[in-house]
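If you read the sequence from its start, that first residue is 1, and numbering goes on from there. Below, all heavy atoms of this structure are taken into account, side chains as well, without hydrogens, waters or symmetry copies.
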Amino acid sequence: MHPYQDRDVLASERTLQAAERTFSAWVRTGLAGVGGGLAITRALVFQEFAHQVVARMVGGLLVIWGASIFVFAIFAYRRACMRLAQEGVSRTSLTTLILLTVTLLVVSVLVFWITMQ
């Protein structure tokens, strides 16, 4: 066994965990965008029609922004996992995170659709 092999494995594990933390941070930011957009469309009540339209547009844009962050996060995490796989680290939780991201996207779209009616 090579003396530095354990260090390489540990370094790869730390890198994978850093990628997972970064993914979590992106998802948290996306959830904040979706939540903020939903709050703007439903919680803010305006008397004037123009203000209502602007609030719905801003809320819709925030929901779209948040959902796009989910997609960006999964692609960035996938790239990190592919790089680590090339270096020989085989353990990745990519399938779980893809499932999480798809679930968040579906729930975001359904909640936005429900609130817009």
Side-chain angles (χ1 to χ4, degrees):
M1 180 177 213
H2 194 272
Y4 295 111
Q5 188 173 7
D6 288 338
R7 286 184 183 176
D8 292 343
V9 171
L10 291 174
S12 296
E13 285 295 317
R14 282 192 306 272
T15 304
L16 179 62
Q17 290 170 351
E20 290 172 352
R21 284 190 304 273
T22 303
F23 175 80
S24 294
W26 280 110
V27 168
R28 189 174 52 244
T29 302
L31 284 173
V34 170
L38 293 175
I40 287 173
T41 58
R42 297 310 278 174
L44 295 179
V45 179
F46 295 103
Q47 297 297 326
E48 293 185 32
F49 179 73
H51 292 155
Q52 292 174 3
V53 170
V54 170
R56 285 189 178 244
M57 286 176 50
V58 169
L61 288 173
L62 278 173
V63 169
I64 291 169
W65 176 73
S68 64
I69 285 178
F70 297 153
V71 174
F72 171 79
I74 199 66
F75 282 127
Y77 181 73
R78 184 174 179 271
R79 269 194 318 271
C81 288
M82 296 303 232
R83 275 194 318 251
L84 288 172
Q86 290 173 351
E87 294 176 9
V89 177
S90 61
R91 186 192 74 79
T92 61
S93 56
L94 184 60
T95 306
T96 304
L97 292 179
I98 287 175
L99 181 62
L100 171 71
T101 303
V102 169
T103 304
L104 285 172
L105 281 170
V106 169
V107 168
S108 297
V109 168
L110 288 174
V111 169
F112 186 66
W113 179 71
I114 288 168
T115 60
M116 291 305 286
Q117 297 199 5

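- Between R83 and R78, the closest side-chain pair of non-hydrogen atoms is not below 4.5 Å.
- Considering CH2 of W26 and OG1 of T101, their distance stands at 13.0 Å, rounded to 0.5 Å.
- Interatomic distance, T41 OG1 to Q52 CD, rounded to the nearest 0.5 Å: 12.0 Å.
- In this structure, SG in C81 is found 7.0 Å from CD in E20, a value given to the nearest 0.5 Å.
- Cluster membership for I74 and V106, using ILVMFWY side-chain heavy atoms within less than 4.5 angstrom, is shared.
- If you chain together hydrophobic residues whose side chains sit under 4.5 Å apart, L99 and L110 never meet in one group.
- When side chains are defined from C-beta on, W65 counts as touching T29, because their heavy atoms get closer than 4.5 Å.
- Distance OG/S108 to CD1/I69: 11.0 Å, rounded to 0.5 Å.
- Put simply, I64 and L38 are part of two different groups of oily side chains (I, L, V, M, F, W, Y) that touch within less than 4.5 Å, one to the next.
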### Task
Please test R56 against H51 for side chain to side chain contact (heavy atoms under 4.5 Å, CB included), starting from the C-alpha separation and ending with a verdict.
CA-CA 9 Å; R56 285 189 178 244; H51 292 155; over 6 Å; no
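- At least one side-chain heavy atom of V111 sits less than 4.5 Å from a side-chain heavy atom of V107.
- Listed by chain and number, the residues in a ring-ring contact (aromatic ring centres under 6.0 Å, His included) with F23 are Y77 (sequence neighbours excluded).
- The OG1 atom of T22 lies 11.5 Å from the CD atom of Q17; values are rounded to the nearest 0.5 Å.
- Side-chain contact between F70 and V102 is absent, with no heavy atoms from C-beta onward closer than 4.5 Å.
- The hydrophobic clustering, which links ILVMFWY residues whose side-chain heavy atoms are closer than 4.5 Å, places V63 and I40 apart.
- In this structure the side chain of L62 never reaches within 4.5 angstrom of the side chain of V34, judged on heavy atoms.
- Tracing side-chain contacts under 4.5 Å through hydrophobic residues (I, L, V, M, F, W, Y), one never reaches V58 starting from L31; they form parts of separate clusters.
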